[in-house]
Novice: 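Please find one structure pasted underneath; my questions will follow.
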Amino acid sequence: MKKIFILSLLFSVVTFSQTYKVAKVSGTVRALTNGSEKWIEIKSGTELSANSIISVEKNSSVKISSGNIEVTLKELSAVTISSIKKMSTEDLLLALAMENILNAPKKPNDNKSQSTAVYGKNEMERNPLIANTEFGIRRLNGAMQLAENGLKESAIISAKEVYRKYPDTKSLASYRIFFADILFDKKLFEEALDEYNDILKLQLSNEQKEKVTNKIDEIKRRISIK
Amino acid sequence: MAQNSFDINGYWANDLIPNARINSLELNQSSFTGVRDWLFSITYSSEFSNKSNSFLHQISTYKKFNYHLFHLRYTPGLQKEFLFSTGQTIFLSDSNSQSLKADYVYKELFGFGYSYSFNEKFNAGFSLRFFNQDFTQEVIKPVFSDTNYLMIETEKDDIDLWKADLSFAYRFNNNLSIYLSSINLLSSESKPLYDYNRNYLLNKERGLSVGFSLEPFNSTAFNFNYESDKSFSASFNRILKLSFGTFGFSLSAYHDKYQNPFINCLAPSIFYSSGLFDIVLSGIKYSEERKQVSSFDKFSENGIKNILHNQFSFDRVNLTVNFKLNTKIEQRIKIIDVEIRKDIFPALNEEYLDEPFASAKVVNLTDKILTVKPAVKIIGLNKEAIQIGSYQIAAYDTVEIPIYAFIPEYSEISKTELSYAEIFIYSASEQADDQTQKPVLLNNMNSWDGQVKNLRYFIKRDLSNSQNYSRQIISSHKSELDTIPIALSDFYRAKLIFNSFIKDLTYISDPRIKWDFVQYPSETLKLKGGDCDDLSVLYSALLESIGIETALVDYRSRNDIRHVNVLVNTKLSPQQAFLITENDTKYFIRKNQFGIDEVWIAIETTSLTDFDTAWNLGSDIFNDEALNKIGLLNGNVQIIDVN
């Protein structure tokens with residue numbers, strides 16, 4: 001009985017949280033729902049769970065509503081449904097703090113298992129195969145569109161998650177600058193400065209370089225005034 | 001008459017230098033608390049009369065048994081002799097004459113004392129002393145015969161006297177103590193043969209003596225004593241503690257109602273005390289010049305109460321040496337209290353080496369910095385006391401030190417029961433300075449303290465059994481695993497093991513609904529079931545035993561019902577994650593200790609269906625609780641790496 005009780009409680013989190021409904025679909029829009037590995041095409045009126053991923057194909061768009069939030073996603077974008085939510089600046093700061101926890105390296109330990117089994121693989125043995133960067137870019141597009149729909153805080157967190165799961169996308173300067181600018185606009189100067197300094201290490205066009213440098217100078221000026 | 005409370009070595013506060021006083025039988029037997037084991041004392045005293053008598057004044061010994069103190073004293077020098085002319089003279093035939101004499105000798109021969117310490121504040125004791133009064137008087141007696149004549153005869157009276165007194169001491173704090181003793185409470189005296197001697201017997205008038213010692217500073221004391229016959233004494237003591245011993249100085253002043261002038265005498269004394277012996281050099285200086293010759297009327301009018309200190313006493317100088325023989329180790333550390341902070345869960349053995357299960361408040365009784373080593377023996381768990389850790393304590397400081405328990409790795413405690421922790425504190429020797437015993441709950445081997453981080457002890461305990469089980473599964477799927485890219489090895493092994501062991505298991509809710517009982521992996525396999533912590537422990541142990549890294553996730557968002565599931569490290573890089581799933585909500589990136597990103601997946605072991613379902617469910621829970629509700633930040637969700 002406890003199993004049923006625990007599981008029902010856990011599911012209730014999903015059940016009683018916001019419901020997301022597909023309001024309008026144009027072209028082809030697919031989704032991965034409930035941990036599924038199979039993409040399904042969605043239609044208007046489909047209800048989606050928070051952990052669903054929605055992906056909008058070329059020349060397509062979708063409008064998703066949840067309560068008083070309405071978001072339109074354009075072509076070649078993907079978002080996790082749970083990221084369609086309004087966040088305050090405080091929520092954003094908390095979420096960024098959690099990003100730091102997630103990005104912290106595991107503490108070394110001196111108490112390793114004494115197993116005689118062969119442990120994992122040497123890093124050199126890893127076969128990276130083909131990095132799935134294309135879907136990562138869709139994810140970044142999705143995050144940008146969240147910002148364009150007014151969900152800027154949520155967009156930042158979505159972008160951070162994309163950078164973690166699709167690390168190759170971190171080299172795409174234009175996206176990086178876009179999200180760093182949001183931090184700047186939200187007056188989160190220290191967070192923005194870290195981001196701009198990191199962006200400077202990428203290969204940038206002259207125009208990008210000038211913009212980032214100007215932003216860094218501006219932040220330093222503002223921080224010094226404080 | 002004379003005041004009773006008179007010490008040949010001056011009036012010292014016992015708390016300051018306990019061994020300085022030697023005649024505690026007279027003043028306050030109960031207050032003599034400074035002897036630790038054996039003490040032998042000898043005093044040589046010289047009185048500055050014309051005869052310049054010198055005596056071995058006293059030999060005494062003290063012995064302490066726990067809270068009991070015994071004192072035996074032999075005092076050959078404690079005597080006073082008075083020689084008087086009776087006023088009668090015989091003229092002899094050869095024109096010579098002979099005056100008749102009377103001789104009065106008072107002796108205190110030996111004494112016995114006992115005191116008992118009820119607690120740190122209150123002591124009580126009694127004393128028993130034996131006196132002898134030897135009176136001789138020459139008298140003329142006629143002899144009737146053929147020729148009548150007179151002859152001188154000596155009438156001898158030997159009178160014994162026993163005196164018993166009670167005494168009490170109460171210590172309010174480190175600065176103030178008070179004393180109360182009886183004077184001549186009980187006495188028993190043999191009858192004089194000659195009635196005329198009754199007038200010269202030692203005075204046995206009952207009385208009371210009260211006093212206090214005030215120590216405003218650690219090294220200074222003021223003492224005052226008052227007797228019911230309106231005599232009093234006062235003194236000032238000062239000590240100096242040096243590395244090689246303690247020096248002390250005292251000046252006492254005495255007012256005896258029956259002596260002149262008002263302050264009859266002063267008694268200076270100096271003292272040196274080391275670990276093995278004490279030396280006291282003291283003097284008694286009377287204010288008025290004492291005459292060698294005095295009238296018989298004065299003697300017979302006031303009588304004698306104190307053999308040592310009376311109106312006929314002379315200046316003195318005294319030397320006392322105390323020898324200390326300690327068969328016991330000097331207590332340098334004292335335990336004030338012990339607090340048991342947590343019960344003993346034998347399964348969490350290593351935990352007790354990191355976190356103390358108790359704390360002891362101890363005081364350094366010495367004037368030196370001490371290194372102390374606590375040791376503990378838990379009855380039913382340890383065969384002997386185990387020392388763990390050492391701490392330095394400043395002189396006279398009171399500190400709280402942690403007490404760690406050592407739990408043998410292969411303890412077999414089948415039943416939870418109340419046990420006792422014997423706690424010892426060592427400073428220098430092999431003998432503990434102090435020890436105490438406290439009750440502690442000794443849980444059985446399956447008991448768990450509810451902290452998910454401590455489930456790792458259940459995981460690690462029978463890792464070899466888990467390894468055998470996992471290897472059997474892997475072996476039976478060898479051909480299948482051989483076709484899988486090496487990068488996916490951990491993921492598929494984790495999947496195969498889950499799908500193999502889970503099909504035989506049943507979810508069994510812990511009937512106690514309390515986080516207090518966890519099965520070891522082998523027990524869960526044997527019983528074919530368990531609750532979420534049992535199943536998480538089992539799955540984690542099976543993977544860890546073959547080198548697959550795992551972590552436990554503690555979900556604490558619901559106060560009453562907590563939950564545990566398992567994170568598995570696939571060792572894949574984020575770029576390789578698509579090899580196991582297209583759904584990027586089903587994995588999480590964690591950096592290893594070298595800062596390299598690795599793909600982890602959450603598995604809900606209670607799903608008891610198949611790996612994919614358990615993975616989906618685990619992902620949903622982790623996404624909701626840990627990420628969307630920022631549980632990892634607010635502490636509602638905690639990831640605990642097993643290794």
Side-chain angles (χ1 to χ4, degrees), chain A residues 1-3 5-7 9-11 13-14 17 32 34-39 49-53 80 82 85 91 94-95 97-98 101-109 111-121 123 125-133 135 139 161 164-168, chain B residues 460 463 467 471 485-487 489-490 507 509-510 513 531-532 544-549 558 561 563 569 571 573-579 581-597 606-608 615-617 619-621 623-625 627-628 630 632-634 641 643:
Chain A
M1 287 306 290
K2 187 180 175 186
K3 172 188 169 190
F5 185 47
I6 289 173
L7 296 184
L9 260 177
L10 293 170
F11 285 129
V13 173
V14 181
S17 57
L32 286 172
N34 298 328
S36 167
E37 295 291 337
K38 190 177 175 186
W39 289 97
S49 65
N51 290 326
S52 301
I53 301 172
T80 305
S82 62
K85 61 183 174 188
D91 292 337
L94 288 172
M98 197 172 72
I101 293 174
L102 289 168
N103 284 324
K106 184 185 167 188
K107 287 178 186 169
N109 67 74
N111 194 23
K112 280 282 182 191
S113 164
Q114 296 302 305
S115 165
T116 53
V118 177
Y119 271 72
K121 309 297 168 297
E123 289 301 316
E125 289 176 32
R126 287 191 167 190
N127 177 8
L129 302 174
I130 306 157
N132 196 10
T133 309
F135 193 72
R139 286 287 219 167
E161 188 189 358
R164 227 181 22 253
K165 290 186 172 174
Y166 303 90
D168 297 336
Chain B
K460 287 176 179 177
L463 217 53
Q467 191 179 53
R471 279 180 172 173
I486 193 166
S489 170
D490 281 3
Y507 180 90
S509 171
D510 188 335
I513 312 290
D531 62 7
C532 71
E544 287 281 340
S545 70
I546 56 166
I548 298 174
E549 209 175 342
R558 302 167 201 96
I561 300 172
H563 186 60
N569 186 359
K571 288 282 181 183
S573 67
Q575 291 90 341
Q576 295 169 314
F578 78 98
L579 293 173
T581 180
E582 281 195 49
N583 189 334
D584 64 16
T585 62
K586 288 171 63 178
Y587 63 89
F588 317 95
I589 308 299
R590 296 183 75 203
K591 286 189 188 301
N592 67 15
Q593 63 187 76
F594 306 108
I596 295 167
D597 289 335
T606 56
S607 76
L608 295 178
W615 182 12
N616 287 344
L617 193 51
S619 302
D620 277 348
I621 297 168
N623 276 317
D624 289 331
E625 300 287 331
L627 304 180
N628 295 340
I630 57 172
L632 286 173
L633 183 71
N634 60 31
D641 288 293
N643 264 310

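So you know, we letter chains A, B, ... as the sequences are listed, proteins then strands, and number each from 1. What you see below is based on every heavy atom in this structure, not just the backbone, and it leaves out hydrogens, waters and symmetry mates.
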Novice: Taking side chain as everything from C-beta outward and backbone as N, CA, C, O, which of these in Leu94(A) sits under 4.5 Å from a heavy atom of chain B? Side chain, backbone, both or neither.
Specialist: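 Its backbone and side chain both get close to chain B.
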
Novice: Can you tell me how far the CG atom of Asn103(A) sits from the CG atom of Asp597(B), to the nearest 0.5 Å?
Specialist: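 Nearest 0.5 Å value for the CG-CG distance: 7.0 Å.
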
Novice: Over all heavy atoms of both residues, which pair between Pro105(A) and Lys591(B) is shortest? Give the atoms and the distance, please.
Specialist: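 Between these two residues, the closest heavy atoms are CA-CB, 3.7 Å.
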
Novice: Kindly indicate whether the side chain of Leu102(A), heavy atoms from C-beta on, has any atom under 4.5 Å from the side chain of Leu627(B).
Specialist: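 Yes, their side chains come closer than 4.5 Å.
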
Novice: Quick one: list whatever passes side chain to side chain contact (heavy atoms under 4.5 Å, CB included) with Asn634(B), sequence neighbours left out.
Specialist: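 Result, side chain to side chain contact (heavy atoms under 4.5 Å, CB included) vs Asn634(B): Ile630(B), Asn636(B).
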
Novice: So which part of Ser52(A) gets closer than 4.5 Å to some heavy atom of chain B, the side chain, the backbone, both or neither?
Specialist: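 Neither part; nothing is under 4.5 Å.
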
Novice: Taking Arg139(A), Glu161(A), Met98(A) one by one, which has the highest count of heavy-atom pairs under 4.5 Å against chain B?
Specialist: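 Of the candidates given, the most pairs with chain B belong to Met98(A).
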
Novice: Based on non-hydrogen pairs under 4.5 Å, which of Ile589(B), Asn569(B), Asp584(B) is most in contact with chain A?
Specialist: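 Between Ile589(B), Asn569(B), Asp584(B), the count favours Asp584(B).
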
Novice: Among Leu633(B), Asn628(B), Leu632(B), which has the most heavy-atom pairs under 4.5 Å with chain A?
Specialist: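 Of Leu633(B), Asn628(B), Leu632(B), Leu633(B) has the most heavy-atom pairs under 4.5 Å with chain A.
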
Novice: Let me confirm one number: the CG-CG distance from Asn583(B) to Asn51(A), rounded to the nearest 0.5 Å.
Specialist: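 The CG atom of Asn583(B) sits 8.5 Å away from the CG atom of Asn51(A).
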
Novice: State, with a plain yes or no, whether a side-chain heavy atom of Arg164(A) is found less than 4.5 Å away from one of Pro574(B).
Specialist: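 No. Closest side-chain heavy atoms not under 4.5 Å.
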
Novice: Under 3.5 Å, is there a donor-acceptor pair between the side chain of Glu582(B) and the main chain of Lys38(A)?
Specialist: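 No, because the side chain of Glu582(B) does not come within donor-acceptor range (under 3.5 Å) of the backbone of Lys38(A).
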
Novice: Select one option (side chain, backbone, both, neither) describing which atoms of Asn34(A) are under 4.5 Å from chain B's heavy atoms.
Specialist: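 For Asn34(A), the backbone is the part near chain B, not the side chain.
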
Novice: Atom CG in Asn616(B), atom CD in Glu37(A): separation rounded to 0.5 Å?
Specialist: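 Reported value, rounded in 0.5 Å steps: 7.5 Å.
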
Novice: Tell me, side chain or backbone of Tyr587(B) under 4.5 Å from chain A's heavy atoms, or both, or neither?
Specialist: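 It is both, since atoms from each part get that close.
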
Novice: Has the side chain of Lys586(B) got a donor or acceptor atom that lies under 3.5 Å from a matching backbone atom of Gly35(A)?
Specialist: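 Pair found, side chain donor or acceptor close to backbone of Gly35(A).
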
